[in-house]
Amino acid sequence: MNDTPQLLLSHHLKALKLPTFLREYDKLARQCAAEGVDHSRYLLRLAELELIDRERRMVERRIKAARFPAVKSIDSFDFNAIASLNKMLVMELARCDYVTRNENVIAVGNSGTGKTHIALALGLAACQKGLPVGFITASALVHELLEARDDKRLLRLQKQLAKVRLLIIDELGYVPLSPTGAELLFEVFSQRYERGSTIVTSNLPFDEWTSVFGSERLTGALLDRLTHHVHILEMNGESYRLAQSRKAAEPNRDSATD
């Protein structure tokens with residue numbers, strides 16, 4: 001009989017979906033009793049723990065839904081390796097105000113300079129701000145669009161893409177697109193124009209995008225929409241990945257010469 005209140009409390013907390021309350025209430029009660037904390041402050045501490053844990057779980061769900069290939073942060077990026085990159089602009093973008101204004105970001109530079117890392121880091125920052133994010137490579141997106149068209153579910157996929165507050169399209173320019181693929185990708189950009197934010201990474205300067213889309217008219221219309229409200233990150237220089245590999249190898253080299 002003495003266990004009945006605890007069993008009922010456990011049941012109610014599960015029904016109310018308060019797992020942190022359930023996990024912490026007994027331990028925190030003993031701690032607060034030892035410290036002479038009154039019941040109001042005890043409840044306040046419990047509520048704060050629940051809120052912190054709930055936000056952590058929400059961020060984890062957003063990261064999972066975004067389908068990031070890896071979780072990268074701005075703190076882990078070596079800005080010294082890419083002198084052309086405007087660090088102040090990246091830090092400003094990490095505040096995610098550009099997303100609320102439906103502005104775009106384009107990271108342009110040669111291969112291996114960390115464009116995907118920066119895109120992932122900005123995507124992580126958006127998840128932490130409570131924004132729905134999606135990540136996909138340009139070639140994978142076109143493949144999904146073509147499949148959806150063939151399966152007569154293109155409209156549903158387009159609506160799903162339009163709902164994402166920040167859509168990251170990685171590696172635009174690595175693979176030339178078919179005329180149909182180019183038109184479908186253009187539709188994605190067009191539907192997001194001034195309705196959502198898009199981050200694009202590309203190894204090609206703008207004047208070479210025609211080689212990807214195969215049409216000067218289509219490329220011009222795309223760039224007109226994409227660059228109307230845009231922040232451009234120039235990321236040219238020595239391969240960031242190569243520099244990181246050299247940096248990682250230095251301790252081994254030093255120990256070998258000791």
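The first residue of the sequence shown is numbered 1, and numbering continues consecutively from there. Atom set for the values below is all heavy atoms of this structure, side chains included, hydrogens, waters and symmetry mates excluded.
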Compile the donor-acceptor pairs under 3.5 Å between side chains in residues 177-191 and protein atoms, sequence neighbours left out, one pair per line.
from   : atom 1 : to     : atom 2 : distance (Å)
Ser178 : OG     : Gly181 : N      : 3.0

Shortest non-hydrogen contact from [X] to [Y]?
X      : Y      : result
Ser73  : Ser76  : O-OG, 2.8 Å
Ala119 : Ile199 : CB-CG2, 4.0 Å
Ala125 : Ala94  : CB-O, 3.6 Å
Gly109 : Asn236 : CA-OD1, 3.3 Å

_Restricting to salt bridge (charged side-chain N to carboxylate O under 4.0 Å, His left out), what partner residues turn up for Arg45, sequence neighbours left out?_
Glu35
Quick one: which residue pairs count as a salt bridge (charged side-chain N to carboxylate O under 4.0 Å, His left out) with a foot in [range], not counting sequence neighbours?
range            : result
residues 132-147 : Arg67-Glu144
residues 205-214 : none
residues 103-128 : Arg101-Glu103

Min side-chain heavy-atom separation [X]-[Y] under 4.5 Å:
X      : Y      : value
Glu171 : Ser202 : no
Leu93  : Leu233 : yes
Ile118 : Leu85  : yes
His117 : Leu120 : no
Leu141 : Leu161 : yes
Arg54  : Leu18  : yes
Trp209 : Leu226 : yes
Lys72  : Leu124 : no

*Test side-chain contact (heavy atoms from CB on, under 4.5 Å) on Leu22 and Ser10 and set out the steps.*
CA-CA 6 Å; Leu22 177 60; Ser10 176; 3.5 Å; yes
Under 4.5 Å between side-chain heavy atoms, hopping through other hydrophobics if needed: is there a path connecting [X] to [Y]?
X      : Y      : result
Leu222 : Leu218 : yes
Leu167 : Ile63  : no
Phe206 : Ile169 : yes
Leu51  : Met58  : no
Ile82  : Leu204 : no

*side-chain contact (heavy atoms from CB on, under 4.5 Å) assessment of Val164 paired with Arg192*: CA-CA 9 Å; Val164 177; Arg192 295 185 61 78; 4.2 Å; yes
_Does either side chain, that of His231 or that of Tyr98, offer a donor lying less than 3.5 Å from an acceptor on the other one?_
no
*Scan side-chain atoms only and decide if Asp170 and Thr116 contain a donor-acceptor pair under the 3.5 Å cut-off.*
yes
Which residues pass the side-chain hydrogen bond (donor to acceptor under 3.5 Å, both in side chains) test with [X], sequence neighbours left out?
X      : answer
Glu55  : none
Thr20  : Asp53
Arg95  : Glu92
Glu194 : His229

side-chain contact (heavy atoms from CB on, under 4.5 Å) partners of [X], counting only residues at least two apart:
X      : answer
Lys87  : Phe79, Met91
Val230 : Asn104, Ile106, Thr227, Ile232
Ala126 : Cys96, Leu131, Val133, Leu166

Rounded to the nearest 0.5 Å, how far apart are [atom1] of [X] and [atom2] of [Y]?
X      : Y      : atom1 : atom2 : answer
Thr219 : Asp224 : OG1   : CG    : 12.0 Å
Asn86  : Met235 : CG    : CE    : 11.5 Å
Phe68  : Ile168 : CZ    : CD1   : 5.0 Å

When you measure from the side chain of [X] to the backbone N and O of [Y], does any donor-acceptor pair fall under 3.5 Å?
X      : Y      : result
Arg195 : Ala162 : no
Asp151 : Arg153 : no
Tyr42  : Tyr25  : yes

*What's the verdict on side-chain contact (heavy atoms from CB on, under 4.5 Å) for Thr201 and Tyr174, showing C-alpha distance, side-chain angles and the deciding distance?*
CA-CA 10 Å; Thr201 74; Tyr174 284 79; 5.7 Å; no
*Taking only Lys NZ, Arg NE, NH1 and NH2, and the carboxylate oxygens of Asp or Glu, determine whether Glu60 and Lys64 approach each other closer than 4.0 Å.*
no
_Take a 6.0 Å sphere around CZ of Arg41 and say whether it holds more than 12 heavy atoms from other residues, nucleotides or ligands._
no
